[in-house]
Structure formats: C-alpha cells, structure tokens
Amino acid sequence: MPLLLSVNLGRAAAVAATDAPSGLTGIDKRPTDAPVAVRAPGPKGTGGSGLDGDAIADLRHHGGDDQAVYAYAREDLDRWAAELDRPLTNGVFGENLTTSGLDVNDARIGERWLIGDTLLIEATAPRIPCATFADWLGERGWIKRFAASATPGAYFRVLQPGVVRAGDRIEVTHRPEHEVSVALVFRAMLGESELRPRIVAAGPALPASLYAKARAWAGETNPTPAERPRRTGG
C-alpha cells in the first residue's frame with residue numbers, strides 16, 4: 001500500500017551557494033510528527049510553499065501553486081544512499097513528502113493523489129536541479145549525476161486542501177491516458193530534445209510556462225524569448 005512516510009518542513013537558513021538575493025534557502029527539510037495543513041499558496045512569485053510552516057526563500061524559482069508540494073520516493077533515496085555510500089534521511093533532497101510504494105517519477109502530468117482523508121494533489125512537473133541543491137549535498141558533479149538518473153521527483157499543485165501526517169495512505173485517484181510522465185518531461189528538458197514534442201499531450205495540466213514551451217516544441221506556436229528553454233529552480 002502506498003504510504004506517506006514523512007512530512008518534511010524547512011526553515012530559511014543562510015548558505016554559501018544560492019542566487020537568492022537574501023542568501024537564504026529552505027532546502028534543509030526535516031520530518032515532523034505533527035499534522036500539517038496543505039493548501040494552494042498562490043501564484044509563483046508571491047506564493048511560497050503549500051505546507052504550513054515550510055519556508056521558501058527564493059520565490060522567483062520556487063513555490064507557488066504549480067510547485068506547492070514536492071514529493072520524492074524513499075526507494076529512490078535508498079538507491080542514492082547506496083550509490084553515494086552515505087545515509088540519506090527523509091527530507092534531505094528538500095522534499096516535502098517522502099513516499100513509499102509509489103514510483104513518483106512515473107507519475108503522469110495531471111495524475112492525482114489523495115493523501116489521508118482530504119488532501120488532493122495533482123502532478124505538474126519534475127524538479128530541476130540547481131546549484132543550491134548541489135552545494136547542499138556536497139557531491140562532486142551532482143547536477144549531472146542527478147540529471148543522468150532521471151529520478152527527479154515530482155511537483156504537485158493542490159486541488160483540495162487538507163491535513164496530512166506521516167503514515168497517511170496515498171491513493172492514486174486519477175491517472176491520465178497520455179504517456180507524459182514526470183521523468184519524460186525531465187529528460188526532455190535536460191537534453192533529450194527529441195522527446196520535447198511529446199510533452200504537449202499533457203495539455204494544460206502542465207504549468208502555464210511549460211505548456212507554452214511544449215506547444216512551441218510541438219510546432220503549435222512560434223516560441224517567444226520567454227518561452228525558450230532555460231534552467232531554473234532546484
């Protein structure tokens with residue numbers, strides 16, 4: 001049975017590597033035993049995390065409705081722990097939700113999860129690695145290694161607010177018929193350009209900016225400078 005192993009919250013702290021004007025990051029997320037309210041935080045640029053008590057330090061690249069919740073599988077953390085030969089605790093990748101029993105990377109854009117009794121979330125996009133993430137882990141060549149693995153974890157928007165806690169059941173209530181998984185979008189965005197025209201099949205379940213790029217890649221529109229691919233976030 002798919003389960004929520006932990007709910008992880010971060011506090012803003014100063015780090016050496018971040019392009020946030022404040023010099024702060026909330027990537028250091030730690031499990032909490034308390035119930036946590038989750039809701040749509042508002043548009044990117046003004047809305048932060050969807051989880052009460054979780055800090056987002058750089059609202060330009062993180063947070064907002066389409067990145068309200070970030071999930072990563074314990075199974076993927078275990079594989080990284082074996083490869084890196086070091087323990088990796090729940091939340092260490094900056095994920096809000098550490099899951100068990102689900103292939104998070106295979107979640108399709110627009111896939112919906114019911115967590116606990118009330119929280120309904122919808123997959124939107126993969127996490128794209130950044131310098132803050134690399135500095136936080138302290139692993140040489142981390143961005144390239146993470147990109148090559150195609151195990152990015154998934155961002156979600158909140159469709160129905162709720163309260164969650166460690167041990168809650170996760171139920172996949174809707175899985176779209178298209179084939180556009182979080183991992184496929186990640187691979188397309190980070191080098192496998194031949195995959196890019198396929199992303200448009202996910203439709204407006206993608207974040208608006210990514211959907212515009214997908215339409216351009218599929219030849220449905222001419223890309224503007226704002227729609228051309230660029231690496232942001234972490």
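None of these values were measured; they are calculated from a predicted model.
Residues satisfying the side chain to side chain donor-acceptor pair (under 3.5 Å) test with R86, not counting sequence neighbours, are E139. Contacts of N90 classified as side chain to side chain donor-acceptor pair (under 3.5 Å), with partners at least two apart in sequence or in another chain: S6, R74. Residues passing the side chain to side chain donor-acceptor pair (under 3.5 Å) test with D54 are K29, S49, N96, sequence neighbours excluded. Taking R157 as the reference, D66, E122 meet the side chain to side chain donor-acceptor pair (under 3.5 Å) condition, with sequence neighbours excluded.
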L84 vs R145, side-chain contact (heavy atoms from CB on, under 4.5 Å): CA-CA, chis, key distance, verdict: CA-CA 11 Å; L84 300 176; R145 294 175 71 177; 3.4 Å; yes
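Taken to the nearest 0.5 Å, the OG atom of S181 stands 7.5 Å off from the CZ atom of R187. The structure places OG1 of T132 at 6.0 Å from NE2 of H62, a figure rounded to the nearest 0.5 Å. From T98, atom OG1 reaches atom CG of L88 across 11.0 Å, with rounding to the nearest 0.5 Å. For the atom pair CD1 (I27) and SG (C130), the distance works out to 6.0 Å, reported to the nearest 0.5 Å. Taken from CZ in R112 to CZ in R175, the straight-line distance is 14.5 Å, to the nearest 0.5 Å. Atom-to-atom distance recorded for K44:NZ and S209:OG is 6.5 Å, nearest 0.5 angstrom.
Here the shortest heavy-atom pairing between R196 and G191 reads NH2-N, 4.5 Å. Shortest non-hydrogen contact noted between T99 and A71 is CG2-CB, 4.5 Å. Summarising the geometry of A183 relative to A150, their closest heavy-atom pair is CB-O, 3.9 Å, with the distance given to 0.1 Å. In terms of heavy atoms, A218 sits closest to P197 at CB-O, 3.9 Å. Of all heavy-atom pairs spanning T118 and G162, the tightest one is OG1-CA, 3.2 Å. When every heavy atom of P43 is checked against every heavy atom of D65, the shortest pair comes out as N-OD2, 3.8 Å.
In this structure, R127 is positioned above the aromatic face of F133, its NZ or CZ under 6.0 Å from the six-membered ring centre and within 45° of the axis.
Without hydrogens or angle criteria, H178 side chain to I109 main chain gives a donor-acceptor distance under 3.5 Å. No side-chain donor-acceptor contact under 3.5 Å links E75 to the backbone of A73. Under the 3.5 Å distance criterion, the side-chain polar atoms of Y72 are left unmatched by any main-chain donor or acceptor of G94. When atom types are taken as modelled, the side chain of E192 and the backbone of A188 share no donor-acceptor pair closer than 3.5 angstrom. Of the possible polar contacts, none joining the W217 side chain to the S193 backbone as a donor-acceptor pair under 3.5 Å is found. A donor-acceptor contact shorter than 3.5 Å is absent between the side chain of R165 and the backbone of A34. Here the side chain of E95 pairs no donor or acceptor atom with the backbone of N8 at under 3.5 angstrom. Within the 3.5 Å criterion, the main-chain N or O of P176 finds a donor-acceptor partner in the side chain of R108. The backbone N or O of V92 sits nowhere less than 3.5 Å from a side-chain atom of T89 that would complete a donor-acceptor pair.
Summarising the hydrophobic clusters (Ile, Leu, Val, Met, Phe, Trp, Tyr; side-chain heavy atoms under 4.5 Å, direct or chained), the residues clustered with I56 are L59. Other members of the cluster containing L97 are L4, V7, L9, V36, V38, L51, V69, L102, V104, W113, I115, L119, I121, F156, V158, V164, I170, V172, with ILVMFWY side chains joined at under 4.5 Å, either directly or via other members.
Side-chain contact between P152 and I128: absent, with no pair of heavy atoms (C-beta onward) separated by less than 4.5 Å. Side-chain contact between L137 and F93 is present, with heavy atoms from C-beta onward closer than 4.5 Å. The closest side-chain heavy-atom distance from F186 to P129 is below 4.5 Å.
Applying the 6.0 Å contact sphere to CD of E194 captures more than 12 heavy atoms from other residues, nucleotides or ligands.
Ring centroid separation for the pair W142 and W80 comes in under the 6.0 Å cut-off.
With hydrophobic clusters built from ILVMFWY side chains whose heavy atoms lie under 4.5 angstrom apart, L184 shares a cluster with Y211.
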